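Written out below as C-alpha coordinates is the structure these notes cover.
As the structure lists them, so they are numbered: ligands from 1, and atoms in each ligand from 1. Treat the numbers as computed from the prediction; the structure is a model and nothing was measured.
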Amino acid sequence: MKTDIEISQATKLAPITEVAEKIDLTFDDLELHGKYKAKIEFAALDRMKENPEGKLILVTSINPTPAGEGKSTVTVGLGDALNKIGKKAVIALREPSLGPVMGIKGGATGGGYAQVLPMEDINLHFTGDMHAITTANNALSALLDNHIHQGNELNIDARRVIWKRAVDLNDRELRFITVGLGGPINGVPREDGFDITVASEIMAILCLATGITDLKRRLSNIVIAYTFEREPVTVGDLRVEGALALVLKDALKPNLVQTIYQTPAFVHGGPFANIAHGCNSILATRAALHSGDYVVTEAGFGADLGAEKFLDIKVPNLEKAPDAIVIVATIRALKMHGGVPKTELSAENIDALTAGFSNLAKHISNMRKYGVPVVVAINEFISDTEKEITLLKELCEQENVKVELASVWEKGPDGGIDLAKTVVETIDTEESNYHSIFTHEDDDLTEKIETIVQEIYGGNDVIYTKKAQQQLASFKKYGWDRLPVCMAKSQYSLSDDPSKLGAPSDFDVTIRELVPKLGAGFIVALTGDVMTMPGLPKKPAALKMDVDEQGNAIGLF
Ligand code: ADP
(Lines give C-alpha, C1' and ligand atoms only; values in the text may rest on other atoms or scores of the structure.)
Protein backbone atom coordinates (compact mmCIF):
# COMPACT_ATOMS: atom_id res chain seq x y z
CA MET A 1 0.00 0.00 0.00
CA LYS A 2 1.34 3.40 -0.96
CA THR A 3 1.59 6.24 1.56
CA ASP A 4 -1.02 9.03 1.61
CA ILE A 5 1.33 11.45 -0.10
CA GLU A 6 2.36 8.93 -2.77
CA ILE A 7 -1.32 8.30 -3.60
CA SER A 8 -1.95 12.02 -3.67
CA GLN A 9 1.02 12.78 -5.93
CA ALA A 10 0.06 9.97 -8.34
CA THR A 11 -3.49 11.37 -8.79
CA LYS A 12 -4.33 13.44 -11.84
CA LEU A 13 -6.40 16.36 -10.62
CA ALA A 14 -9.13 18.09 -12.59
CA PRO A 15 -8.77 21.87 -13.02
CA ILE A 16 -10.71 23.46 -10.17
CA THR A 17 -12.93 25.29 -12.67
CA GLU A 18 -14.22 21.86 -13.81
CA VAL A 19 -14.94 20.81 -10.23
CA ALA A 20 -16.76 24.12 -9.72
CA GLU A 21 -18.90 23.47 -12.80
CA LYS A 22 -20.30 20.36 -11.12
CA ILE A 23 -21.92 22.64 -8.55
CA ASP A 24 -22.92 25.30 -11.10
CA LEU A 25 -20.16 27.76 -10.30
CA THR A 26 -18.54 29.62 -13.19
CA PHE A 27 -15.09 31.15 -13.64
CA ASP A 28 -16.44 34.51 -12.39
CA ASP A 29 -17.62 32.94 -9.14
CA LEU A 30 -14.09 31.89 -8.25
CA GLU A 31 -10.93 33.53 -7.00
CA LEU A 32 -8.29 31.12 -8.32
CA HIS A 33 -5.30 30.09 -6.24
CA GLY A 34 -3.34 28.18 -8.87
CA LYS A 35 -4.89 25.35 -10.90
CA TYR A 36 -6.49 23.25 -8.18
CA LYS A 37 -7.65 25.59 -5.40
CA ALA A 38 -10.15 28.41 -5.44
CA LYS A 39 -12.01 30.69 -3.10
CA ILE A 40 -15.68 31.39 -3.72
CA GLU A 41 -16.69 35.01 -4.16
CA PHE A 42 -19.30 36.58 -1.84
CA ALA A 43 -21.64 37.34 -4.76
CA ALA A 44 -21.69 33.63 -5.66
CA LEU A 45 -22.38 32.70 -2.02
CA ASP A 46 -25.36 35.06 -2.06
CA ARG A 47 -26.68 33.58 -5.28
CA MET A 48 -26.26 30.01 -4.01
CA LYS A 49 -28.69 30.74 -1.15
CA GLU A 50 -31.50 30.50 -3.73
CA ASN A 51 -30.64 26.81 -4.36
CA PRO A 52 -32.52 24.14 -2.39
CA GLU A 53 -30.91 22.88 0.82
CA GLY A 54 -29.31 19.42 0.91
CA LYS A 55 -29.23 16.87 3.73
CA LEU A 56 -26.50 17.25 6.33
CA ILE A 57 -24.47 14.26 7.53
CA LEU A 58 -22.19 14.84 10.52
CA VAL A 59 -19.22 12.48 10.92
CA THR A 60 -17.83 12.14 14.44
CA SER A 61 -16.06 9.40 16.39
CA ILE A 62 -15.18 7.61 19.60
CA ASN A 63 -12.51 9.20 21.80
CA PRO A 64 -9.31 9.25 19.77
CA THR A 65 -6.37 7.08 20.73
CA PRO A 66 -2.84 7.00 19.31
CA ALA A 67 -4.14 4.06 17.21
CA GLY A 68 -5.98 6.54 14.90
CA GLU A 69 -9.68 6.63 14.03
CA GLY A 70 -9.86 7.96 10.48
CA LYS A 71 -12.75 10.42 10.78
CA SER A 72 -11.53 12.59 7.90
CA THR A 73 -10.86 9.46 5.87
CA VAL A 74 -14.45 8.22 6.38
CA THR A 75 -15.87 11.72 5.75
CA VAL A 76 -14.13 11.92 2.38
CA GLY A 77 -14.80 8.27 1.51
CA LEU A 78 -18.51 8.61 2.35
CA GLY A 79 -18.80 11.70 0.13
CA ASP A 80 -17.17 9.83 -2.76
CA ALA A 81 -19.31 6.74 -2.14
CA LEU A 82 -22.54 8.78 -2.15
CA ASN A 83 -21.58 10.08 -5.60
CA LYS A 84 -20.76 6.56 -6.67
CA ILE A 85 -24.32 5.41 -5.85
CA GLY A 86 -25.70 8.26 -7.94
CA LYS A 87 -26.35 10.94 -5.33
CA LYS A 88 -25.08 14.49 -5.66
CA ALA A 89 -22.77 14.80 -2.65
CA VAL A 90 -20.23 17.38 -1.54
CA ILE A 91 -17.85 17.48 1.42
CA ALA A 92 -17.24 20.20 4.04
CA LEU A 93 -14.03 19.84 6.08
CA ARG A 94 -12.02 22.01 8.42
CA GLU A 95 -8.51 23.19 7.47
CA PRO A 96 -5.45 21.50 8.96
CA SER A 97 -3.21 23.35 11.42
CA LEU A 98 0.56 23.31 10.88
CA GLY A 99 1.09 22.70 14.60
CA PRO A 100 -0.16 19.10 14.64
CA VAL A 101 0.94 18.48 11.02
CA MET A 102 4.55 19.06 12.18
CA GLY A 103 3.83 17.43 15.53
CA ILE A 104 2.18 14.04 15.68
CA LYS A 105 -0.50 13.99 13.08
CA GLY A 106 1.20 14.33 9.73
CA GLY A 107 -1.56 15.24 7.26
CA ALA A 108 -5.16 16.10 8.06
CA THR A 109 -6.73 15.60 4.65
CA GLY A 110 -7.98 12.01 4.98
CA GLY A 111 -5.92 8.98 4.02
CA GLY A 112 -5.39 6.15 1.55
CA TYR A 113 -7.90 6.38 -1.32
CA ALA A 114 -10.10 8.83 0.59
CA GLN A 115 -8.28 12.16 0.50
CA VAL A 116 -8.86 15.79 -0.39
CA LEU A 117 -6.22 17.19 -2.72
CA PRO A 118 -3.74 18.75 -3.31
CA MET A 119 -2.90 17.37 0.13
CA GLU A 120 0.51 19.00 0.48
CA ASP A 121 -0.87 22.47 -0.24
CA ILE A 122 -3.86 22.02 2.06
CA ASN A 123 -1.58 20.79 4.86
CA LEU A 124 0.94 23.62 4.42
CA HIS A 125 -0.09 27.19 3.51
CA PHE A 126 -3.20 26.41 1.41
CA THR A 127 -4.85 29.72 0.42
CA GLY A 128 -3.32 31.72 3.26
CA ASP A 129 -6.26 31.67 5.70
CA MET A 130 -4.12 30.74 8.71
CA HIS A 131 -1.68 33.52 7.80
CA ALA A 132 -4.51 36.07 7.61
CA ILE A 133 -5.99 34.93 10.93
CA THR A 134 -2.59 35.00 12.64
CA THR A 135 -1.91 38.46 11.21
CA ALA A 136 -5.27 39.86 12.31
CA ASN A 137 -4.75 38.37 15.76
CA ASN A 138 -1.27 39.86 16.15
CA ALA A 139 -2.26 43.19 14.59
CA LEU A 140 -4.76 43.49 17.42
CA SER A 141 -2.01 42.77 19.96
CA ALA A 142 0.21 45.44 18.39
CA LEU A 143 -2.61 48.00 18.30
CA LEU A 144 -3.54 47.24 21.90
CA ASP A 145 0.04 47.58 23.18
CA ASN A 146 0.49 50.75 21.15
CA HIS A 147 -2.65 52.19 22.74
CA ILE A 148 -1.25 51.57 26.21
CA HIS A 149 2.16 52.99 25.20
CA GLN A 150 0.67 56.12 23.62
CA GLY A 151 -1.09 57.36 26.75
CA ASN A 152 -3.70 54.68 27.45
CA GLU A 153 -6.81 56.79 26.92
CA LEU A 154 -9.02 53.75 27.65
CA ASN A 155 -7.36 53.30 31.07
CA ILE A 156 -6.44 49.65 30.35
CA ASP A 157 -4.85 47.80 33.25
CA ALA A 158 -1.83 46.15 31.58
CA ARG A 159 -1.99 43.38 34.19
CA ARG A 160 -5.49 42.54 32.99
CA VAL A 161 -4.96 42.23 29.24
CA ILE A 162 -6.56 38.92 28.21
CA TRP A 163 -5.89 39.13 24.46
CA LYS A 164 -2.98 36.83 23.53
CA ARG A 165 -0.71 36.67 20.52
CA ALA A 166 -1.00 33.66 18.15
CA VAL A 167 1.11 31.47 15.89
CA ASP A 168 0.04 28.34 13.99
CA LEU A 169 2.73 26.09 15.43
CA ASN A 170 3.12 23.88 18.48
CA ASP A 171 5.50 26.07 20.48
CA ARG A 172 5.41 25.51 24.22
CA GLU A 173 8.13 28.14 24.83
CA LEU A 174 5.62 30.84 23.97
CA ARG A 175 2.89 29.87 26.43
CA PHE A 176 3.97 32.51 28.96
CA ILE A 177 6.15 35.42 27.89
CA THR A 178 7.02 38.99 28.89
CA VAL A 179 6.72 41.79 26.31
CA GLY A 180 7.74 45.45 26.28
CA LEU A 181 11.14 45.05 27.96
CA GLY A 182 13.97 47.53 27.25
CA GLY A 183 12.82 50.82 28.75
CA PRO A 184 10.14 53.37 27.87
CA ILE A 185 10.80 53.59 24.12
CA ASN A 186 10.14 49.85 23.79
CA GLY A 187 6.65 49.83 25.23
CA VAL A 188 5.01 48.97 28.52
CA PRO A 189 6.24 45.71 30.06
CA ARG A 190 3.55 43.14 30.76
CA GLU A 191 2.96 39.41 30.83
CA ASP A 192 1.63 37.93 27.61
CA GLY A 193 1.43 34.54 25.91
CA PHE A 194 0.70 32.81 22.63
CA ASP A 195 -2.18 30.52 21.69
CA ILE A 196 -2.07 28.32 18.61
CA THR A 197 -3.85 30.21 15.80
CA VAL A 198 -6.59 27.62 15.42
CA ALA A 199 -7.61 28.08 19.07
CA SER A 200 -7.76 31.87 18.74
CA GLU A 201 -11.01 33.79 18.95
CA ILE A 202 -10.42 35.21 15.45
CA MET A 203 -10.56 31.65 14.09
CA ALA A 204 -13.81 30.99 15.95
CA ILE A 205 -15.23 34.25 14.61
CA LEU A 206 -14.20 33.42 11.04
CA CYS A 207 -15.96 30.07 11.40
CA LEU A 208 -19.19 31.56 12.75
CA ALA A 209 -19.49 34.82 10.76
CA THR A 210 -22.25 34.91 8.15
CA GLY A 211 -20.69 37.72 6.09
CA ILE A 212 -18.52 40.84 6.33
CA THR A 213 -21.05 42.82 8.40
CA ASP A 214 -21.40 39.99 10.91
CA LEU A 215 -17.60 39.58 10.91
CA LYS A 216 -17.18 43.24 11.90
CA ARG A 217 -19.88 43.01 14.57
CA ARG A 218 -18.20 39.98 16.09
CA LEU A 219 -14.70 41.47 15.92
CA SER A 220 -15.98 44.61 17.60
CA ASN A 221 -17.36 42.54 20.52
CA ILE A 222 -14.04 40.84 21.37
CA VAL A 223 -13.06 41.58 24.98
CA ILE A 224 -9.33 42.31 25.04
CA ALA A 225 -8.68 43.62 28.55
CA TYR A 226 -10.16 45.23 31.66
CA THR A 227 -9.71 48.81 32.91
CA PHE A 228 -8.36 49.70 36.35
CA GLU A 229 -12.05 49.86 37.36
CA ARG A 230 -12.42 46.26 36.10
CA GLU A 231 -14.69 47.22 33.22
CA PRO A 232 -14.27 45.19 30.01
CA VAL A 233 -12.51 46.84 27.05
CA THR A 234 -13.45 45.67 23.56
CA VAL A 235 -12.07 45.91 20.02
CA GLY A 236 -14.94 48.32 19.40
CA ASP A 237 -13.50 50.62 22.11
CA LEU A 238 -10.16 50.50 20.29
CA ARG A 239 -12.01 51.23 17.00
CA VAL A 240 -10.01 48.70 14.94
CA GLU A 241 -12.70 46.20 13.86
CA GLY A 242 -12.65 47.69 10.34
CA ALA A 243 -8.90 47.15 9.97
CA LEU A 244 -9.10 43.60 11.29
CA ALA A 245 -12.02 42.77 8.97
CA LEU A 246 -10.00 44.14 6.06
CA VAL A 247 -7.11 41.79 6.88
CA LEU A 248 -9.61 38.89 7.00
CA LYS A 249 -11.78 39.71 3.99
CA ASP A 250 -10.39 37.02 1.69
CA ALA A 251 -9.84 34.44 4.41
CA LEU A 252 -13.60 34.58 5.05
CA LYS A 253 -14.34 33.20 1.56
CA PRO A 254 -14.71 29.39 1.55
CA ASN A 255 -12.07 27.32 -0.27
CA LEU A 256 -13.00 24.78 -2.92
CA VAL A 257 -10.85 21.70 -3.67
CA GLN A 258 -11.55 18.10 -4.79
CA THR A 259 -11.15 14.53 -3.61
CA ILE A 260 -9.15 11.87 -5.47
CA TYR A 261 -12.47 11.06 -7.25
CA GLN A 262 -13.19 14.74 -8.00
CA THR A 263 -15.97 15.21 -5.47
CA PRO A 264 -16.19 18.96 -4.64
CA ALA A 265 -14.89 19.68 -1.13
CA PHE A 266 -15.24 22.92 0.83
CA VAL A 267 -12.21 23.03 3.14
CA HIS A 268 -12.52 26.06 5.40
CA GLY A 269 -12.19 26.98 9.04
CA GLY A 270 -10.24 25.74 11.98
CA PRO A 271 -9.70 22.42 13.68
CA PHE A 272 -9.03 21.89 17.40
CA ALA A 273 -12.36 20.84 18.81
CA ASN A 274 -10.63 20.15 22.13
CA ILE A 275 -9.93 23.81 22.86
CA ALA A 276 -12.06 25.65 20.29
CA HIS A 277 -15.40 24.84 18.64
CA GLY A 278 -13.40 23.41 15.75
CA CYS A 279 -15.53 22.77 12.69
CA ASN A 280 -15.93 23.90 9.09
CA SER A 281 -17.08 27.53 8.74
CA ILE A 282 -20.76 28.51 8.60
CA LEU A 283 -20.22 30.12 5.17
CA ALA A 284 -18.59 26.96 3.78
CA THR A 285 -21.18 24.57 5.25
CA ARG A 286 -23.96 26.83 3.93
CA ALA A 287 -22.33 26.90 0.48
CA ALA A 288 -22.07 23.11 0.62
CA LEU A 289 -25.73 22.74 1.68
CA HIS A 290 -26.75 24.75 -1.38
CA SER A 291 -24.45 22.78 -3.73
CA GLY A 292 -25.33 19.15 -3.12
CA ASP A 293 -28.21 16.90 -2.15
CA TYR A 294 -25.98 15.46 0.57
CA VAL A 295 -23.26 17.25 2.54
CA VAL A 296 -20.80 15.19 4.54
CA THR A 297 -19.04 17.22 7.22
CA GLU A 298 -16.78 16.41 10.13
CA ALA A 299 -16.56 17.53 13.75
CA GLY A 300 -13.14 17.22 15.38
CA PHE A 301 -11.94 14.64 17.91
CA GLY A 302 -14.51 12.48 19.75
CA ALA A 303 -18.25 13.12 19.83
CA ASP A 304 -17.94 14.44 23.43
CA LEU A 305 -16.01 17.45 22.08
CA GLY A 306 -16.47 18.01 18.35
CA ALA A 307 -20.03 16.80 17.91
CA GLU A 308 -21.22 18.35 21.19
CA LYS A 309 -19.93 21.74 20.00
CA PHE A 310 -21.26 21.20 16.49
CA LEU A 311 -24.70 20.48 17.93
CA ASP A 312 -24.72 23.05 20.75
CA ILE A 313 -22.76 25.94 19.20
CA LYS A 314 -22.65 25.56 15.42
CA VAL A 315 -26.19 24.31 14.71
CA PRO A 316 -27.94 27.38 16.23
CA ASN A 317 -25.69 29.63 14.10
CA LEU A 318 -26.01 27.46 10.98
CA GLU A 319 -29.78 27.22 11.46
CA LYS A 320 -29.64 23.64 10.21
CA ALA A 321 -29.22 20.45 12.23
CA PRO A 322 -27.72 17.20 10.93
CA ASP A 323 -30.10 14.73 9.29
CA ALA A 324 -27.87 11.86 10.40
CA ILE A 325 -24.77 11.38 12.53
CA VAL A 326 -22.10 8.83 11.58
CA ILE A 327 -19.89 7.70 14.48
CA VAL A 328 -16.55 6.31 13.29
CA ALA A 329 -14.92 3.60 15.35
CA THR A 330 -11.97 1.33 14.72
CA ILE A 331 -11.44 -2.08 16.23
CA ARG A 332 -7.87 -1.09 17.12
CA ALA A 333 -8.94 1.99 19.04
CA LEU A 334 -11.74 0.14 20.83
CA LYS A 335 -9.20 -2.49 21.92
CA MET A 336 -7.08 0.34 23.34
CA HIS A 337 -10.14 1.62 25.21
CA GLY A 338 -10.39 -1.95 26.49
CA GLY A 339 -6.88 -1.77 27.95
CA VAL A 340 -4.57 -3.12 25.20
CA PRO A 341 -1.26 -1.21 24.70
CA LYS A 342 -0.54 0.26 21.24
CA THR A 343 2.18 -2.33 20.55
CA GLU A 344 -0.28 -5.26 20.83
CA LEU A 345 -3.18 -3.99 18.75
CA SER A 346 -2.58 -6.24 15.74
CA ALA A 347 -3.39 -9.41 17.70
CA GLU A 348 -7.04 -10.51 17.87
CA ASN A 349 -8.49 -9.67 21.29
CA ILE A 350 -12.18 -10.33 21.77
CA ASP A 351 -12.23 -9.47 25.49
CA ALA A 352 -10.57 -6.10 25.01
CA LEU A 353 -12.91 -5.24 22.13
CA THR A 354 -15.92 -6.14 24.27
CA ALA A 355 -14.63 -4.01 27.16
CA GLY A 356 -13.63 -1.07 24.95
CA PHE A 357 -17.03 -1.04 23.23
CA SER A 358 -18.25 0.91 26.29
CA ASN A 359 -16.69 4.02 24.77
CA LEU A 360 -18.63 3.66 21.51
CA ALA A 361 -21.84 2.78 23.37
CA LYS A 362 -21.62 5.99 25.41
CA HIS A 363 -21.17 8.11 22.27
CA ILE A 364 -24.13 6.38 20.57
CA SER A 365 -26.36 7.13 23.54
CA ASN A 366 -25.04 10.72 23.74
CA MET A 367 -25.78 11.50 20.10
CA ARG A 368 -29.28 10.06 20.45
CA LYS A 369 -29.95 12.61 23.19
CA TYR A 370 -30.03 15.26 20.45
CA GLY A 371 -32.75 13.42 18.54
CA VAL A 372 -30.65 12.78 15.43
CA PRO A 373 -30.50 9.28 13.81
CA VAL A 374 -27.14 7.54 14.31
CA VAL A 375 -25.16 5.11 12.11
CA VAL A 376 -21.86 3.49 13.16
CA ALA A 377 -19.05 3.19 10.59
CA ILE A 378 -16.30 0.69 11.34
CA ASN A 379 -13.20 2.07 9.64
CA GLU A 380 -11.59 -1.18 8.55
CA PHE A 381 -7.91 -1.80 9.18
CA ILE A 382 -6.01 -4.63 7.52
CA SER A 383 -5.29 -6.13 10.96
CA ASP A 384 -9.02 -6.48 11.89
CA THR A 385 -10.09 -10.14 12.09
CA GLU A 386 -13.42 -11.64 10.89
CA LYS A 387 -14.28 -12.58 14.46
CA GLU A 388 -13.66 -9.05 15.73
CA ILE A 389 -15.74 -7.48 12.94
CA THR A 390 -18.63 -9.88 13.60
CA LEU A 391 -18.47 -9.18 17.33
CA LEU A 392 -18.45 -5.41 16.86
CA LYS A 393 -21.46 -5.63 14.53
CA GLU A 394 -23.30 -7.75 17.11
CA LEU A 395 -22.48 -5.32 19.92
CA CYS A 396 -23.85 -2.46 17.79
CA GLU A 397 -26.99 -4.43 16.99
CA GLN A 398 -27.55 -4.94 20.72
CA GLU A 399 -27.56 -1.13 21.00
CA ASN A 400 -30.10 -1.08 18.21
CA VAL A 401 -27.89 1.05 15.99
CA LYS A 402 -27.18 0.50 12.29
CA VAL A 403 -23.57 -0.43 11.58
CA GLU A 404 -21.52 -0.76 8.37
CA LEU A 405 -17.95 -1.63 7.56
CA ALA A 406 -16.16 1.18 5.69
CA SER A 407 -13.10 0.21 3.65
CA VAL A 408 -12.65 3.56 1.91
CA TRP A 409 -9.02 3.93 2.98
CA GLU A 410 -8.10 0.79 1.03
CA LYS A 411 -10.74 0.75 -1.72
CA GLY A 412 -11.91 4.36 -2.14
CA PRO A 413 -15.62 4.87 -2.94
CA ASP A 414 -16.18 1.14 -3.64
CA GLY A 415 -15.36 0.49 0.02
CA GLY A 416 -18.05 2.92 1.20
CA ILE A 417 -21.08 1.84 -0.84
CA ASP A 418 -22.80 -0.07 1.99
CA LEU A 419 -22.26 2.83 4.37
CA ALA A 420 -23.55 5.34 1.81
CA LYS A 421 -26.69 3.26 1.16
CA THR A 422 -27.38 2.84 4.87
CA VAL A 423 -26.94 6.55 5.55
CA VAL A 424 -29.30 7.46 2.69
CA GLU A 425 -31.86 4.90 3.88
CA THR A 426 -31.59 6.24 7.44
CA ILE A 427 -32.21 9.80 6.27
CA ASP A 428 -35.15 8.62 4.13
CA THR A 429 -36.82 6.61 6.87
CA GLU A 430 -35.86 8.16 10.20
CA GLU A 431 -36.73 11.73 10.99
CA SER A 432 -34.15 13.98 12.63
CA ASN A 433 -35.79 15.66 15.60
CA TYR A 434 -32.85 17.76 16.72
CA HIS A 435 -33.23 19.39 20.09
CA SER A 436 -30.82 20.97 22.52
CA ILE A 437 -29.63 18.97 25.55
CA PHE A 438 -30.06 21.97 27.81
CA THR A 439 -33.25 22.16 29.84
CA HIS A 440 -33.79 25.81 29.05
CA GLU A 441 -32.15 27.87 26.36
CA ASP A 442 -31.24 30.48 28.93
CA ASP A 443 -29.67 28.06 31.41
CA ASP A 444 -26.80 29.87 33.06
CA LEU A 445 -23.16 28.90 32.57
CA THR A 446 -23.02 26.56 35.57
CA GLU A 447 -26.22 24.78 34.52
CA LYS A 448 -24.92 24.33 30.98
CA ILE A 449 -21.53 23.04 32.15
CA GLU A 450 -23.23 20.64 34.57
CA THR A 451 -25.48 19.30 31.79
CA ILE A 452 -22.50 18.66 29.49
CA VAL A 453 -20.47 17.02 32.27
CA GLN A 454 -23.31 14.77 33.43
CA GLU A 455 -25.16 14.00 30.20
CA ILE A 456 -22.25 13.85 27.72
CA TYR A 457 -19.17 13.00 29.76
CA GLY A 458 -20.98 10.77 32.28
CA GLY A 459 -19.43 12.56 35.28
CA ASN A 460 -20.75 13.51 38.70
CA ASP A 461 -19.97 17.02 39.89
CA VAL A 462 -18.34 20.13 38.51
CA ILE A 463 -15.66 21.67 40.68
CA TYR A 464 -14.68 25.31 40.17
CA THR A 465 -11.27 26.64 41.20
CA LYS A 466 -11.27 29.87 43.19
CA LYS A 467 -10.32 31.77 40.03
CA ALA A 468 -13.24 30.25 38.09
CA GLN A 469 -15.63 31.09 40.93
CA GLN A 470 -14.52 34.72 40.91
CA GLN A 471 -14.91 34.81 37.14
CA LEU A 472 -18.44 33.42 37.35
CA ALA A 473 -19.35 36.25 39.73
CA SER A 474 -17.90 38.97 37.52
CA PHE A 475 -19.37 37.46 34.33
CA LYS A 476 -22.78 37.69 35.98
CA LYS A 477 -22.15 41.36 36.65
CA TYR A 478 -21.24 41.94 32.99
CA GLY A 479 -24.34 40.03 31.81
CA TRP A 480 -22.38 37.17 30.22
CA ASP A 481 -23.72 34.40 32.43
CA ARG A 482 -26.22 32.96 29.94
CA LEU A 483 -23.94 32.67 26.92
CA PRO A 484 -23.21 29.29 25.28
CA VAL A 485 -20.28 27.31 26.69
CA CYS A 486 -17.33 25.99 24.68
CA MET A 487 -15.65 23.27 26.74
CA ALA A 488 -11.87 22.85 26.50
CA LYS A 489 -11.04 19.31 27.56
CA SER A 490 -8.65 16.46 26.86
CA GLN A 491 -9.73 14.65 23.69
CA TYR A 492 -8.50 11.26 24.89
CA SER A 493 -11.06 10.61 27.60
CA LEU A 494 -14.70 11.30 28.24
CA SER A 495 -13.44 12.77 31.54
CA ASP A 496 -10.90 15.59 32.04
CA ASP A 497 -8.21 13.00 32.83
CA PRO A 498 -6.61 11.69 29.58
CA SER A 499 -5.64 8.39 31.21
CA LYS A 500 -9.26 7.33 31.87
CA LEU A 501 -10.20 5.35 28.75
CA GLY A 502 -13.39 3.42 27.92
CA ALA A 503 -16.48 4.91 29.58
CA PRO A 504 -15.29 6.15 32.97
CA SER A 505 -17.82 6.77 35.73
CA ASP A 506 -17.69 8.27 39.17
CA PHE A 507 -15.51 11.23 38.32
CA ASP A 508 -15.76 14.99 38.79
CA VAL A 509 -14.63 17.62 36.31
CA THR A 510 -12.61 20.65 37.40
CA ILE A 511 -13.13 24.01 35.70
CA ARG A 512 -9.80 25.76 36.04
CA GLU A 513 -10.57 29.02 34.30
CA LEU A 514 -13.16 30.69 32.06
CA VAL A 515 -12.26 32.78 29.02
CA PRO A 516 -14.83 35.21 27.62
CA LYS A 517 -15.01 35.11 23.81
CA LEU A 518 -17.75 37.62 23.19
CA GLY A 519 -16.92 37.96 19.50
CA ALA A 520 -17.42 34.26 18.99
CA GLY A 521 -20.38 34.56 21.34
CA PHE A 522 -19.39 31.97 23.93
CA ILE A 523 -17.45 31.41 27.12
CA VAL A 524 -14.58 28.88 26.98
CA ALA A 525 -14.38 26.65 30.07
CA LEU A 526 -10.86 25.23 30.55
CA THR A 527 -10.96 21.85 32.31
CA GLY A 528 -8.14 19.82 33.85
CA ASP A 529 -4.77 20.87 32.49
CA VAL A 530 -5.74 21.28 28.82
CA MET A 531 -3.45 23.77 26.98
CA THR A 532 -4.36 26.35 24.33
CA MET A 533 -0.80 26.14 22.98
CA PRO A 534 0.28 22.53 22.41
CA GLY A 535 3.89 21.32 22.53
CA LEU A 536 5.77 19.03 20.15
CA PRO A 537 6.41 15.36 20.98
CA LYS A 538 9.91 13.94 21.43
CA LYS A 539 9.98 12.74 17.82
CA PRO A 540 7.88 15.23 15.84
CA ALA A 541 6.47 14.26 12.42
CA ALA A 542 8.70 17.06 11.06
CA LEU A 543 11.72 14.74 11.37
CA LYS A 544 10.38 12.68 8.44
CA MET A 545 9.60 15.65 6.18
CA ASP A 546 11.68 16.82 3.26
CA VAL A 547 11.33 18.33 -0.20
CA ASP A 548 12.92 17.23 -3.51
CA GLU A 549 14.66 19.35 -6.14
CA GLN A 550 11.35 19.86 -8.00
CA GLY A 551 9.65 21.18 -4.86
CA ASN A 552 7.63 18.01 -4.18
CA ALA A 553 6.87 17.28 -0.54
CA ILE A 554 8.26 14.11 1.04
CA GLY A 555 7.07 12.46 4.23
CA LEU A 556 3.92 14.52 4.85
CA PHE A 557 2.48 11.12 5.88
P1 ADP B 1 -8.91 11.58 12.13
O2 ADP B 1 -9.70 12.45 11.22
O3 ADP B 1 -9.77 10.71 13.00
O4 ADP B 1 -7.85 12.31 12.88
P5 ADP B 1 -7.62 10.70 9.71
O6 ADP B 1 -8.72 10.37 8.78
O7 ADP B 1 -6.91 12.01 9.54
O8 ADP B 1 -8.11 10.54 11.21
O9 ADP B 1 -6.58 9.49 9.64
C10 ADP B 1 -5.39 9.51 10.41
C11 ADP B 1 -4.36 8.66 9.72
O12 ADP B 1 -4.75 7.28 9.78
C13 ADP B 1 -4.14 8.98 8.24
O14 ADP B 1 -2.78 9.03 7.95
C15 ADP B 1 -4.79 7.84 7.49
O16 ADP B 1 -4.11 7.52 6.30
C17 ADP B 1 -4.70 6.70 8.49
N18 ADP B 1 -5.83 5.78 8.33
C19 ADP B 1 -7.14 6.12 8.37
N20 ADP B 1 -7.92 5.04 8.16
C21 ADP B 1 -7.08 4.00 7.97
C22 ADP B 1 -7.27 2.60 7.69
N23 ADP B 1 -8.50 2.09 7.59
N24 ADP B 1 -6.17 1.82 7.57
C25 ADP B 1 -4.93 2.34 7.69
N26 ADP B 1 -4.67 3.65 7.95
C27 ADP B 1 -5.74 4.47 8.08
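- A salt bridge is absent between Lys402 and Glu397; no separation between the charged side-chain nitrogens and carboxylate oxygens falls under 4.0 Å.
- Panel note: side chain Lys39, backbone Lys253; a donor-acceptor pair is recorded below 3.5 Å.
- Within ligand 1, counting atoms from 1 as listed, the ones closer than 4.0 Å to a heavy atom of Thr73 are 5 (P), 6 (O), 9 (O), 19 (C).
- Close approach to Glu298 involves these atoms of ligand 1, each under 4.0 Å from a residue heavy atom: 2 (O).
- Of all the atoms in ligand 1, the ones that sit under 4.0 Å from a non-hydrogen atom of Asn379 are 19 (C), 20 (N), 21 (C), 22 (C), 23 (N).
- For ligand 1, the atoms closer than 4.0 angstrom to any heavy atom of Asp4 are 13 (C), 14 (O), 15 (C), 16 (O).
- Note: an N/O pair closer than 3.5 Å links Gly70 and ligand 1 by distance alone.
- Among the candidates Asn137, Leu169, Val167, the single residue satisfying the side-chain contact (heavy atoms from CB on, under 4.5 Å) test with Phe194 is Val167.
- With respect to Arg332 and Glu69, no salt bridge is recorded, no charged nitrogen being found less than 4.0 Å from a carboxylate O.
- A donor-acceptor pair shorter than 3.5 Å cannot be found between the side chains of Lys87 and Asn83.
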